[in-house]
Amino acid sequence: MAKVPVQFTLNGSEKAEFIESGTTLLHALRDKIGDTSPKGGCHQGTCGACSVIIDGELRLSCLMLAETCSGADIQTAAGLAEGGMLHPLQRAFLDAFATQCGFCTPGMIIAAKVLLDHTPNPSREDVVEALSGNICRCTGYEPIIQAVLAAARANSQNAA
Amino acid sequence: MELRKDYFADVRKDGLNEIGQPRPRLDSPGHVTGKTAYFADRNFPGMLHLKMVRSPHHHARIRSIDTSEAEKHPGVVRVLTARDVPHNVYTILILIQIGPEDETVLADGKVRWKGEAVVAVLAETERAALEAAAKVRVDYEVLPAVFDMEEALKPGAPVVNEYHGQNYYLYDSGECRKVRFGDVEAGFAQADHILEQTYQSSPIEHAPTETTGCVVAPEGNDRFTCYTNTQAMFFTLDNASIILQMPGSKLHFVGGTVGGGFGGKVDVIVEPIAILAAKLTGRPVSFIYSREEEMQISSPRAAEKVVIKDGVMKDGRIVARKVIGYTDAGAYSRHSPYGAQKGAAHYPGPYTIPNVWIDTYCVYTNRTPSSAMRGFGVTIGDFALEVQMDKLARLIGMDPFEFRFINAYRDGDMKAHRQPTEGAALIECMQETSRAANWPVAEKYMAMSSYRKGA
């Protein structure tokens with residue numbers, strides 16, 4: 001099988017790999033680069049566990065071909081904490097008891113980050129809409145919604 | 001949160017310093033940073049991928065299996081059939097002496113449900129394993145199948161599982177689990193009203209976000225490390241030891257992190273075959289269910305049918321209850337005989353009924369084997385019982401909540417399986433519920449107590 005080169009920025013670091021043509025970004029990140037924070041739940045774009053941010057937009061890495069990501073700026077949940085300090089969303093998920101088994105959590109946090117980046121003061125409906133592509137099977141949606149709203153409030157207080 | 005410390009003050013210590021206190025979960029820092037290691041987050045150089053060839057038929061005899069084309073497929077390392085499994089017929093509960101062994105790791109001579117594992121293919125890549133699996137040729141002679149529990153119990157129905165010899169699990173109490181208490185017919189004769197209702201449920205899939213699977217790495221010392229998302233670590237270790245005919249000291253299981261399970265990961269399905277594959281190839285092996293397999297192959301909650309006949313007095317007392325419960329085990333036992341047995345213990349409900357007669361059957365059909373899921377054996381029963389309670393209350397024109405106070409078991413009451421009730425607290429729970437839900441009940445019920453002096 002022919003290998004193709006891909007080069008992108010992952011959480012601020014340059015990455016370069018030769019991958020089999022047709023490899024998904026999810027597989028490239030997890031199996032080649034070793035960032036296992038995006039999770040493979042359905043591999044068909046319905047569960048959201050593999051969500052990543054590509055050039056500022058929310059993307060499902062199980063449906064992205066890695067070879068189309070050359071030159072992209074990719075962010076995952078593993079890169080959100082900076083200098084040993086949790087991102088406000090991570091802190092809010094901890095405080096709001098918004099994780100149960102944790103498998104959906106990185107995808108949830110990524111989806112929430114894209115929302116807050118675009119809409120710093122979201123309504124509850126905005127949060128529900130933004131998380132609607134992410135499935136939590138431990139039925140923990142309400143604490144997750146509360147965590148995102150709390151992170152947004154903390155952000156706006158910091159800004160003020 | 002306010003703790004009601006007056007309940008059971010005499011039987012418990014008051015030095016509690018954890019209950020009622022918020023504590024951060026130990027695993028959540030890993031969850032929010034994406035650092036929690038699930039089994040599939042382990043990646044080993046040279047890892048092989050295992051894919052199953054599965055039965056397309058509900059019930060069929062296997063005339064022949066031809067794996068020659070699959071073995072020639074580029075990337076294929078090994079193909080496994082029933083002959084490769086040291087102890088191919090097993091059952092999970094054999095560990096607690098519940099037999100007979102009735103399920104094959106890889107089908108041998110026969111398949112009993114659509115999706116049953118027949119041949120395991122090991123290849124360098126997932127894609128090669130899938131392509132090679134499609135090249136395995138299995139010649140089936142399709143047999144008549146049975147899907148309905150009552151059909152399966154009729155004389156002359158196709159026998160689903162020869163290891164049982166009949167389509168029900170044979171308990172030591174006979175063809176079903178039985179509870180007999182008082183004289184149920186005398187109870188019905190005395191009752192002012194009799195209500196018989198039938199409740200049915202469908203199988204329910206747990207659908208965990210993380211699919212079932214494991215990753216096995218051979219260690220240099222003839223030991224195998226199995227990273228798994230099982231919810232039943234020692235069931236899995238011990239059953240793998242039996243199936244592989246290997247001492248448990250050769251098996252090192254690493255688990256504890258489960259990406260959703262809800263009972264769906266207590267069966268011993270993926271680990272033994274993956275360890276065998278690692279042993280026979282000397283290479284790490286990954287066996288992960290696709291989402292489609294998770295939905296179609298993993299054991300669901302059993303379909304159940306519950307027939308409840310109650311005799312009730314005008315004043316609200318239930319005087320007789322007769323229940324026949326059917327649990328659809330599918331083709332193999334897994335945990336279903338236990339689930340059906342739990343139902344037998346549970347059908348009297350948290351109520352004191354003087355005359356009780358219960359039969360629960362664990363029935364084999366050519367459907368996906370069912371197994372544990374959150375309170376299995378009692379969840380559907382509770383649904384049925386509580387709907388029945390509402391119907392009974394309506395029948396005698398009584399408030400359904402007050403009706404439950406009248407029948408609630410209290411300390412010292414004898415339960416139908418002859419275990420005296422202790423520490424019931426049901427009355428107190430319902431009193432709190434009455435306040436919290438703003439559903440007032442008559443003062444005499446608020447004055448009741450589960451606790452009886454001397455009980």
Side-chain angles (χ1 to χ4, degrees), chain A residues 1 11 20 22-23 27 29-50 52 62 76-81 84 86-110 134-140 147, chain B residues 22-45 47 49 74-75 124-128 130-131 204-213 215 227 229 231 256-265 286 288-295 373-374:
Chain A
M1 186 69 72
N11 298 323
E20 256 181 37
T23 301
H27 274 301
L29 289 175
R30 290 175 55 84
D31 302 340
K32 281 286 196 179
I33 292 166
D35 180 351
T36 56
S37 64
K39 304 297 177 191
C42 66
H43 298 274
Q44 58 188 29
T46 51
C47 80
C50 69
V52 298
C62 78
T76 68
L80 289 186
L86 292 178
H87 185 275
L89 269 166
Q90 294 174 314
R91 171 52 58 191
F93 269 64
L94 269 184
D95 292 343
F97 204 82
T99 72
Q100 288 194 41
C101 84
F103 200 79
C104 74
T105 306
M108 286 282 182
I109 288 179
I110 285 296
N134 294 64
I135 290 172
C136 164
R137 268 293 285 154
C138 308
T139 62
Chain B
R23 296 270 181 244
R25 286 181 54 142
L26 221 56
D27 53 2
S28 39
H31 294 345
V32 300
T33 53
K35 290 198 180 351
T36 301
Y38 299 86
F39 85 90
D41 296 339
R42 272 78 172 212
N43 198 359
F44 296 93
M47 190 157 75
H49 298 264
E124 303 282 356
T125 63
E126 200 178 336
R127 180 173 167 177
L130 281 169
E131 287 168 349
I204 301 171
E205 167 55 36
H206 318 72
T209 320
E210 175 202 46
T211 60
T212 301
V215 169
Y227 301 90
N229 60 5
Q231 290 179 269
T257 304
V258 180
F262 327 119
K265 290 171 179 166
S286 158
I288 308 178
Y289 276 6
S290 66
R291 174 55 51 187
E292 187 181 359
E293 283 179 303
E294 189 66 45
M295 304 302 280
M373 181 179 193
R374 286 185 171 173

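To find a chain, count down the sequence lines: A is the first, B the second, and so on, and within it residues start at 1.
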Short side-chain donor-acceptor distance under 3.5 Å, B/T212 and B/E294: yes

Heavy-atom check, side chain of A/D31 versus side chain of A/T23, under 4.5 Å: no

Proximal component of B/D41, with respect to chain A [non-hydrogen, under 4.5 Å]: both

Chain B contact via A/L80 - side chain, backbone, both or neither, heavy atoms under 4.5 Å: neither

Residue among B/T211, B/T209, B/T257 with most heavy-atom pairs under 4.5 Å to chain A: B/T209

Set of salt bridge (Lys or Arg N to Asp or Glu O under 4.0 Å) partners for B/R291, sequence neighbours left out: none

Heavy-atom proximity to chain A below 4.5 Å, by part of B/A37: neither

Heavy-atom contact with chain B under 4.5 Å, split by part of A/L86: side chain

Among the listed options A/G22, A/G41, A/S37, the residue most often paired with chain B at heavy-atom distances under 4.5 Å: A/G41

Max heavy-atom pair count under 4.5 Å with chain A, selected residue of B/P29, B/A207, B/G30: B/A207

Stepwise side-chain contact (heavy atoms from CB on, under 4.5 Å) test for A/F103 and A/R137: CA-CA 9 Å; A/F103 200 79; A/R137 268 293 285 154; over 6 Å; no

Contact origin within B/T36 toward chain A - heavy atom pairs under 4.5 Å: backbone

A/Q44 CD: over 12 foreign heavy atoms closer than 6.0 Å: yes

Test log, rule side-chain contact (heavy atoms from CB on, under 4.5 Å), inputs A/T99 and B/S28: CA-CA 6 Å; A/T99 72; B/S28 39; 3.3 Å; yes

Residue part contacting chain A, namely of B/E126, when any heavy atom lies under 4.5 Å: side chain

Non-neighbouring partners of B/F44 that pass ring pair (Phe, Tyr, Trp, His ring centres under 6.0 Å), sequence neighbours left out: B/Y227

